[in-house]
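Okay, structure first, notes after.
Sequence lines set the chain letters: A, B, ... in the order given, protein chains first and strands last, and positions in each chain run from 1.
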Amino acid sequence: MATAAPTRINHPAPHAHGRDLLRLMILSRVLEQTCCELNPRWFPAEGEEAAIVGAFYGLRSDDFIAAHYRGPFIAYYLRGADLARLIGQALAKANGYARGRALGFTGPFELGCLPWVAGDLGTSLGVATGVATGYQYEGGDRVVVCSFGDGTSNRGDFHEALNLAAVWKLPIVYVCQNNQYSISLHLSQVLATDTIAARAAGYGMPGVAVDGNDVLAVRAAVEHAVESARAGLGPSLVEAQSYRLSGHWASDPGGYRRDEDVAAWRERDPITRLERQLLEAGEVTRHDLDQLWQDARDEVARAVEVAQAAPSCDAADIGLGEAYAS
Amino acid sequence: MATAAPTRINHPAPHAHGRDLLRLMILSRVLEQTCCELNPRWFPAEGEEAAIVGAFYGLRSDDFIAAHYRGPFIAYYLRGADLARLIGQALAKANGYARGRALGFTGPFELGCLPWVAGDLGTSLGVATGVATGYQYEGGDRVVVCSFGDGTSNRGDFHEALNLAAVWKLPIVYVCQNNQYSISLHLSQVLATDTIAARAAGYGMPGVAVDGNDVLAVRAAVEHAVESARAGLGPSLVEAQSYRLSGHWASDPGGYRRDEDVAAWRERDPITRLERQLLEAGEVTRHDLDQLWQDARDEVARAVEVAQAAPSCDAADIGLGEAYAS
Amino acid sequence: MTTISPASVDFTGSQPETPSGRRLTFVEALVEGMRDEMRRDPSVFLMGQDVGAMGGAMQGSKGLYEEFGPRRVKDTPISESAMVGAAVGAALTGKRPIVEVSFGEFLPTAMNQIVLQAANLHYMTCGAARVPMVLRTRVGDGPYRGHPQSYEAWFAHVPGLKVVMPATAADAKGMMVAAIRDPNPVLFFEHMWLYHGVRGEVPAGDHVTPLDSTFVRRAGRDVTIAATGWMVHKALGAADLLATEGIEVEVVDVACLSPLRTEVVEESVRKTSRLVVAHEAWRTGGFGAEIAATIAERCFYDLDAPVARVAAPDAPLPLAKPLRDAFLPDVRDVAEAVRRVHAG
Amino acid sequence: MTTISPASVDFTGSQPETPSGRRLTFVEALVEGMRDEMRRDPSVFLMGQDVGAMGGAMQGSKGLYEEFGPRRVKDTPISESAMVGAAVGAALTGKRPIVEVSFGEFLPTAMNQIVLQAANLHYMTCGAARVPMVLRTRVGDGPYRGHPQSYEAWFAHVPGLKVVMPATAADAKGMMVAAIRDPNPVLFFEHMWLYHGVRGEVPAGDHVTPLDSTFVRRAGRDVTIAATGWMVHKALGAADLLATEGIEVEVVDVACLSPLRTEVVEESVRKTSRLVVAHEAWRTGGFGAEIAATIAERCFYDLDAPVARVAAPDAPLPLAKPLRDAFLPDVRDVAEAVRRVHAG
Ligand SMILES: Cc1ncc(C[n+]2csc(CCOP(=O)(O)OP(=O)(O)O)c2C)c(N)n1
Ligand SMILES: Cc1ncc(C[n+]2csc(CCOP(=O)(O)OP(=O)(O)O)c2C)c(N)n1
Ligand SMILES: [Mg+2]
Ligand SMILES: [Mg+2]
């Protein structure tokens with residue numbers, strides 16, 4: 001665990017937030033799309049950048065995050081992860097944080113990220129809640145932010161974790177990254193309520209559903225929830241309502257849904273939306289935007305170069321003797 | 001499964017319900033207390049008779065029930081179970097429905113009761129929901145009533161089962177037999193909401209909390225829920241708020257709670273309450289009441305005699321070859 | 001590392017060549033088995049995630065939704081415990097549900113329904129209740145390397161469950177049909193390398209492979225290999241290799257793990273006096289331990305060398321291909337073990 | 001059926017008689033081990049249902065709440081998966097949580113946290129993460145006959161977990177202390193017949209029994225019995241019985257199931273040439289299969305008779321005492337197996 005004195009990560013002066021959030025969403029878009037090009041089995045996060053960036057922005061180095069498996073790299077980047085090592089994971093290269101042992105979307109534990117050590121969804125909510133249990137036991141004001149998909153909220157672990165957190169008033173914020181799909185199934189096929197946030201009342205914790213394509217709205221809701229968790233007021237559930245613009249994995253044509261739905265949601269792209277807002281507010285110029293995209297492409301391109309030059313995982317590093325700590 | 005033409009069980013003309021419900025609660029009280037005397041490890045249901053009788057009253061022979069483990073005998077009796085065989089289970093006699101193989105509070109599957117084949121709470125909600133899945137698949141209008149404890153509602157299976165039932169609009173009614181305790185823990189130690197019924201909204205099903213010591217209120221709420229399930233309108237959650245007057249098991253002194261709380265709840269005894277109502281309404285006389293108690297004691301006493309005379313379980317009946325059906 | 005390319009695997013399995021000469025992939029045969037039973041028996045239906053319009057992970061239910069519609073091919077939420085509970089309960093009402101847990105890696109989220117309910121209900125009710133359900137799930141390594149766990153040993157340890165793992169296209173169909181018709185809960189393990197990688201002769205029409213089947217896939221007099229699932233094919237690859245060295249290997253496909261019947265293996269070992277057990281799961285406490293222990297006991301006076309086990313090492317399963325390939329037992333490992341017991 | 005009354009069981013276990021001459025029950029020793037570590041190390045805390053004011057099921061945490069209060073002795077909801085997840089996560093932050101799953105029968109409701117998280121985290125992070133937690137749970141038959149399942153074989157099959165099952169009061173304390181100090185997830189199985197039924201010499205103060213311990217509980221030259229938990233005591237009962245028949249039995253207590261070390265058993269078998277493995281869990285796929293397979297392999301040329309296994313039959317576990325007693329292996333069954341291998 002990070003134990004150095006807490007410092008804010010990637011956290012500029014308030015007035016600059018909009019621009020910084022935009023930069024991060026653009027970086028996320030370029031980064032994840034690049035991974036999809038490099039790996040047809042990668043899971044596209046296109047359209048969900050606001051939900052992800054808004055959830056993990058502005059935490060402290062001694063906080064902890066458990067990011068949903070779709071589009072987590074920007075969250076790890078916010079923890080200080082190296083892009084080349086993350087992209088290396090998408091390529092299953094040896095420079096990845098888990099050196100090819102864990103899943104490609106795993107995060108660096110040493111930077112306060114819950115790694116993906118198995119593929120069963122929902123279980124991570126229990127472990128993240130346990131990290132919050134450890135933080136509360138310490139005293140202090142460290143918090144955990146844990147995101148998960150809309151489909152995952154139907155797993156029993158969601159229920160047990162949120163109830164435990166509410167009863168113990170644990171310092172954790174649950175963020176549902178609602179993209180309205182679980183692989184081929186629309187939310188309406190697996191959920192009979194309008195929102196997942198509605199479940200919070202059943203645990204006695206605050207629950208709020210926000211426009212998941214409005215990064216400022218997501219950020220505001222999560223920031224509020226993080227502050228109350230830090231203040232010892234207990235957990236919250238924030239639902240960021242968005243849409244999965246691409247397939248379940250990069251090569252999934254997603255033929256199970258209607259083109260006009262996808263098209264309608266493309267209209268609400270969270271990045272173009274914030275770009276428009278900032279342009280109108282005069283906070284950025286067209287040239288600034290071009291520059292942001294160019295910087296992101298350059299930064300990712302450099303990282304890809306490093307990742308591709310990195311050695312493949314070596315059978316010699318299999319570490320069969322490392323199942324146990326000593 | 002019962003496959004005969006559906007008939008109403010123990011179901012007199014409407015005007016006589018009150019008296020019949022009283023008879024059943026008294027029988028339940030005498031029956032379960034007798035089991036506690038015969039078996040110090042039995043689980044007392046004293047004070048919860050209204051919640052139990054109200055939940056399982058007036059179903060059809062082709063319906064199915066999954067009764068909570070505390071005080072289920074009156075529910076099985078309503079299915080047509082033989083008291084002597086039920087008491088035999090509390091004594092682990094060979095005349096019990098499971099001939100000593102399953103838990104003492106198991107129910108006769110052949111009469112449409114979910115047996116207790118293992119001790120893990122919550123799992124039965126999944127199976128009961130599966131029975132409702134089978135009923136829906138058949139078409140027709142058979143329903144399932146499934147009860148469980150307040151503490152059990154914190155198991156992941158509660159969440160997964162209720163969500164599945166809501167999404168598929170299954171013909172099942174979930175009844176929470178809320179006695180405010182899980183062994184030594186008060187509900188406030190394991191739940192941060194006022195009601196468990198509040199969870200229903202998170203699944204998109206109707207949820208209602210009723211006075212669990214008012215058998216007419218429980219009965220009305222469940223009857224309404226059963227009718228809408230029968231009509232194909234889907235599941236409901238009914239919370240019957242009561243109190244566990246005795247210990248977790250018969251020999252548990254229950255020292256972890258305050259005597260005045262227990263005393264206060266004794267004041268609200270569901271049986272004396274209905275007795276008073278019926279007396280005031282002139283539906284019964286004191287003599288009728290004495291008769292009801294006497295009849296119950298006699299009926300149970302006869303059953304105890306039969307059960308005690310029944311042979312103990314015989315090692316020869318262990319049926320090691322019966323793990324598989326053929 | 002040496003490994004046989006799935007494409008090269010091609011044989012008929014338990015059935016004689018049929019005049020039809022129909023050749024199907026493992027998964028095509030699997031789906032045909034479900035389809036035939038759904039046509040034959042209206043009480044059969046399928047539940048699982050994405051089994052409907054999408055046709056299932058790795059095309060595991062392709063075409064069923066189109067033919068049978070949403071009533072009989074039900075998409076479920078991500079609620080493995082409720083899904084399995086739904087199958088147990090529906091089976092109690094006399095239906096014959098097939099519930100699909102997308103990958104065996106998720107079985108730990110439904111253990112209570114499988115082990116404490118499905119397995120107990122028949123015995124505990126003195127026969128009043130029956131649970132005629134099939135739980136199908138994808139296991140082992142595969143083309144995408146995802147969710148590779150092999151937990152079959154857990155379930156083979158639990159009485160009341162039947163556990164099968166077919167290795168050929170013909171048996172994928174025949175055992176699926178038998179599993180659906182069986183009055184007990186059957187865990188049906190589908191190895192992911194077999195799915196599109198194994199093609200074979202599959203009888204059209206009614207084709208049943210008894211659930212308690214064990215097959216001799218190749219006859220040989222020197223050493224017996226008892227293997228499961230994908231390892232059957234690696235064993236056959238090893239047998240080819242060893243034949244060139246003059247070692248005649250008999251390959252036994254233990255397609256039924258529970259209730260286990262070892263007669264075929266015993267008979268083979270009485271002939272060869274040497275046994276190698278091969279599976280993809282972890283070595284310690286793996287199912288191979290049961291086979292090895294049973295044969296070492298029953299064939300104590302027949303064995304000329306210790307029973308060898310070829311299995312995954314006792315460490316978590318890594319993801320990246322070079323690590324995964326080094327981790328999992330392959331043709332070379334099997335061959336090496338055979339040489340050892342042959343020399344021993 | 002023959003069975004030794006718990007009261008008659010009384011010995012010291014792994015430790016030499018201490019001058020103190022303190023005699024504690026198994027559960028008293030267990031609680032003392034937790035108490036000592038909680039006094040020594042502020043990062044140790046206990047979570048579980050009714051572990052607080054009530055003092056735990058069967059007095060399993062008696063006195064801890066009074067001494068350490070609600071912060072360090074936490075009552076939990078009925079949420080086994082979240083409870084274990086809470087322990088895994090707290091362990092990741094450097095705490096040393098002890099999570100109590102009241103009975104082993106409930107482990108199926110928390111398998112995902114145990115098998116997919118606790119077991120994998122250290123290896124999958126290349127050592128960055130550690131999970132120093134103890135999962136304690138009550139298993140086996142007992143005075144109340146409730147929740148009697150014995151699933152230890154499942155966990156011994158999963159690399160990354162440590163699995164121990166002490167058989168004496170001294171080891172209950174010593175292994176609990178060692179488990180708490182261990183940097184890995186340790187599953188600590190507490191047999192319910194031992195709880196109040198076994199009393200023995202327990203060293204006061206710092207007392208550690210290494211987790212990888214295997215003990216020779218009784219020396220003998222004719223036949224080795226390798227047993228776990230309560231069966232160790234039944235084995236000792238059988239040894240007494242057989243001594244009167246002139247058969248000298250060596251009883252080995254396999255207190256550590258994983259990572260398994262069989263050296264002590266091997267050494268014993270090299271001397272006796274005969275082995276009986278005894279446990280209370282189901283026979284097929286039980287942990288005894290691993291011990292039998294390993295010894296049959298490593299001691300192939302030492303064994304004069306097939307390894308025999310004494311275990312529960314392959315059927316669900318019935319409740320009523322006459323059925324339960326007939327079902328579970330007892331002193332007579334163990335003695336019978338010893339006579340068989342001795343004659344064989
Ligand atoms: C316990 C479990 N069940 C099923 C799966 C298979 N699976 C992988 S991704 C996925 C969809 C998850 O949906 P959601 O939680 O909404 O996340 P999204 O993919 O939409 O980001 C499923 C079902 C799994 N990984 N874990
Ligand atoms: C999964 C599981 N966890 C723990 C237990 C142990 N246990 C038996 S009864 C009980 C209390 C249950 O509380 P509740 O559901 O409110 O039912 P009540 O006893 O109050 O009727 C507990 C925790 C269990 N049987 N199953
Ligand atoms: Mg989604
Ligand atoms: Mg209760």
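Nearest heavy-atom pair, C/Ala128 versus B/Glu110, reported as atom, atom and distance to 0.1 Å: CB-OE1, 3.8 Å. A pairwise comparison of heavy atoms in B/Ala161 and C/Ala82 identifies N-CB, 4.0 Å as the closest pair. Annotation for B/Glu138 and C/Lys95: closest pair OE2-NZ, 2.7 Å, computed over non-hydrogen atoms. The two residues B/Phe109 and C/Leu92 come nearest to each other via the heavy atoms CZ-O, 3.5 Å. In terms of heavy atoms, B/Thr123 sits closest to C/Gln113 at O-NE2, 3.0 Å. Contact detail for C/Pro183 and B/Ala325: the closest heavy-atom pair is CG-O, 3.6 Å.
Atom CG of B/Leu164 sits about 9.0 Å away from atom CE of C/Met83, to the nearest 0.5 Å. In this structure, CZ in B/Arg101 is found 4.0 Å from SG in C/Cys126, a value given to the nearest 0.5 Å. Expressed to the nearest 0.5 Å, how far CZ of C/Arg71 lies from OH of B/Tyr137 amounts to 4.5 Å.
With a 4.5 Å cut-off on non-hydrogen atoms, C/Asn112 touches chain B through its backbone and its side chain both. For B/Thr106, no part lies near chain C; criterion is any non-hydrogen pair under 4.5 Å. At a 4.5 Å heavy-atom cutoff, B/Trp116 makes no contact with chain C through either its backbone or its side chain. With a 4.5 angstrom heavy-atom cutoff, B/Leu114 touches chain C only via side-chain atoms. Looking at C/Pro185, neither its backbone nor its side chain comes within 4.5 Å of chain B, counting heavy atoms on both sides. Of the two parts of B/Asp317, neither the backbone nor the side chain holds a non-hydrogen atom closer than 4.5 Å to a non-hydrogen atom of chain C.
Side-chain atoms of B/Pro115 and C/Thr125, non-hydrogen and from C-beta on, do get closer than 4.5 Å to each other.
Comparing C/Pro132, C/Gly85, C/Ala118, C/Gly127 by heavy-atom pairs within less than 4.5 Å of chain B, the highest count is held by C/Gly85. Interface summary for chain B: among C/Leu116, C/Val131, C/Val88, the most heavy-atom pairs under 4.5 angstrom belong to C/Leu116. Ranked by heavy-atom pairs under 4.5 Å with chain B, the first of C/Thr76, C/Leu161, C/Thr109, C/Val84 is C/Leu161. Comparing C/Asp182, C/Asn184, C/Asn120, C/Ile78 by heavy-atom pairs within less than 4.5 Å of chain B, the highest count is held by C/Asn184. Interface remark: of the candidates B/Leu103, B/Thr129, B/Val167, B/Asp157, B/Asp157 forms the most heavy-atom pairs closer than 4.5 Å to chain C. Each of B/Ala165, B/Gly119, B/Gly126 has some count of heavy-atom pairs under 4.5 Å with chain C, and the biggest count is that of B/Gly126.
Remark: C/Glu297 CD is packed, more than 12 non-hydrogen atoms of other residues, nucleotides or ligands lying under 6.0 Å away.
A distance-only check finds a donor-acceptor pair linking the side chain of B/Glu160 to the backbone of C/Ser81 [under 3.5 Å]. A distance-only check finds no donor-acceptor pair linking the side chain of C/Arg130 to the backbone of B/Tyr324 [under 3.5 Å].
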